[in-house]
Amino acid sequence: MNTEEPNNLKVHHRERFQKMRTPFYCYDMELLRDTIKEISRLTEGHPYKVHYALKANANPTILQEIARLGLCADLVSGGELKAALDAGFEPDSMAFSGVGKADWEIRLGLEHGIGCFNVESVPELENINLIAGKMGVTARIAIRVNPDIDAHTHRYVTTGTAQNKFGIGKEMLPDVVALAHDLPHVCLRGLHFHIGSQITQMQPFVMLCETINELQTHFEGLGVHFETINVGGGLGIDYSNPDTHLMPDFEQYFGVFSQHLELRPGQELHFELGRSVVAQCGSLITRVLYVKENRDKKFVILDAGMTDLIRPALYEAHHLIQNITSQATDSDTYDVVGPVCESSDVFARNCQLPITQRGDVIALRSVGAYGESMASSYNLRQLPGSLFLP
Ligand SMILES: *Cc1c(COP(=O)(O)O)cnc(C)c1O
């Protein structure tokens with residue numbers, strides 16, 4: 001039985017939760033601020049720029065806080081560009097990633113003078129050049145390189161191997177760099193990388209640094225200098241023990257880059273962190289609709305499902321589940337499931353919980369990233385609400 005006190009769901013909130021319509025995302029804004037302050041503390045005095053990847057969580061209140069505390073924005077759609085502008089992020093320091101940018105999204109980015117398009121293919125490069133030419137502007141770009149590094153994470157969240165759709169292969173890079181220099185309406189600022197997500201070992205990041213060092217040496221031989229190197233995001237968090245690791249080890253993470261990456265004089269190093277900024281500050285608060293017993297199984301059926309939190313169904317992800325109202329001292333084993341008509345709508349199998357009853361309030365922890373932002377209305381369900389603990 002898990003007796004761990006859910007310390008960001010302080011006891012006095014529980015009564016309040018019980019009166020609220022569930023499910024909803026509950027955000028600990030103090031933890032969000034502390035996390036960003038820690039990132040700022042560790043990057044101060046270095047030529048580093050930290051972007052926040054909006055796709056992890058684009059709730060307007062969360063975005064405003066992150067913008068206010070000085071992170072830059074990393075976008076993957078025109079909708080995110082608009083949300084970032086609304087939240088107060090500076091267009092000049094925005095980066096726009098993604099393999100399939102539509103013309104209207106490129107135009108929107110150019111109209112607002114965004115800092116950098118991370119370009120993922122030759123046809124995209126040519127299209128950006130064409131659109132910028134028609135608009136009479138120059139597009140600042142970086143080339144996204146596929147470094148062919150295995151991030152040792154789930155196959156759906158690894159992005160930097162040759163098998164993935166992302167980026168441009170190292171062997172093609174010299175030609176693409178030459179093309180970017182030849183095109184009149186783009187300005188090549190640097191190279192961009194992103195090897196995957198939920199990476200908890202530092203080794204893939206060390207390998208990334210080594211790959212970048214080799215590439216930089218190669219291009220220096222050709223007389224090519226890059227203003228910026230962007231190493232993407234991907235730093236993982238502790239889903240099993242959120243309360244003992246409310247933040248990932250940012251010191252170790254940034255230390256890897258300061259130790260292994262050979263930045264050139266005047267060069268800026270950019271990061272694009274998503275999950276590691278917001279994941280631990282969010283919990284999904286949901287209510288038990290029914291406890292159902294089959295021949296050899298007990299099911300806890302929640303009012304939250306895969307439409308509210310799709311990570312378990314999509315990535316086989318595990319979130320810590322806590323019954324925050326049960327006073328029971330005995331526990332039992334349950335499959336914790338949602339109400340959606342899909343067999344994959346399961347949050348956990350064989351989960352130990354205190355004896356659980358209809359009406360109990362349950363918290364699914366560490367859901368601040370890729371939770372609310374991935375919610376859908378499948379089954380015509382209502383989108384989850386949100387609550388912010390100051
Ligand atoms: C998703 C994404 C990120 C953020 O990844 P996290 O694992 O959430 O840190 C950064 N850069 C790019 C290009 C991405 O697609």
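Numbering of ligands and ligand atoms starts at 1, following listing order.
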Check this for me - ligand 1, [X], N or O atoms closer than 3.5 angstrom, yes or no?
| X | answer |
| --- | --- |
| Glu272 | yes |
| Lys55 | yes |
| Ser276 | no |
| Ser197 | yes |
| Gly234 | yes |
| Arg275 | yes |
| Gly274 | yes |

Taking the basic N atoms (NZ, or NE/NH1/NH2) and the acidic carboxylate oxygens, is any pair closer than 4.0 Å for [X] and [Y]?
| X | Y | result |
| --- | --- | --- |
| Lys55 | Asp74 | no |
| Asp360 | Arg287 | no |
| Asp148 | Lys170 | no |
| Glu316 | Arg311 | no |
| Arg140 | Asp92 | yes |

Could you list the atoms of ligand 1 found under 4.0 angstrom from a heavy atom of [X]?
| X | answer |
| --- | --- |
| Ala53 | 3 (C), 4 (C) |
| Gly233 | 9 (O), 10 (C) |
| Asp74 | 10 (C), 11 (N), 12 (C) |
| Tyr370 | 1 (C), 4 (C), 5 (O), 6 (P), 8 (O) |
| Ser97 | 13 (C) |

>> Testing the basics here: between Val361 and Thr325, what is the closest heavy-atom pair and its distance to 0.1 Å?
In response: N-OG1, 2.8 Å

>> How close do Glu120 and Gly98 get, counting heavy atoms only, and between which atoms?
In response: OE2-N, 3.3 Å

> Nearest heavy atom to atom 5 (O) of ligand 1: which of His194, Glu120, Gln198, Arg144 does it belong to?
Replying inline: His194

> Would you say the side chains of Ser197 and Arg275 form a donor-acceptor pair under 3.5 Å?
Replying inline: yes

>> Does only the side chain of Ile199 get under 4.0 Å from ligand 1, or the backbone, or both, or neither? Count heavy atoms.
In response: neither

>> Run the ring pair (Phe, Tyr, Trp, His ring centres under 6.0 Å) test on Phe254 and Phe271 for me, step by step, so that the C-alpha distance in whole Å, both residues' side-chain angles and the decisive distance to 0.1 Å come before the verdict.
In response: CA-CA 10 Å; Phe254 289 115; Phe271 298 86; 4.9 Å; yes

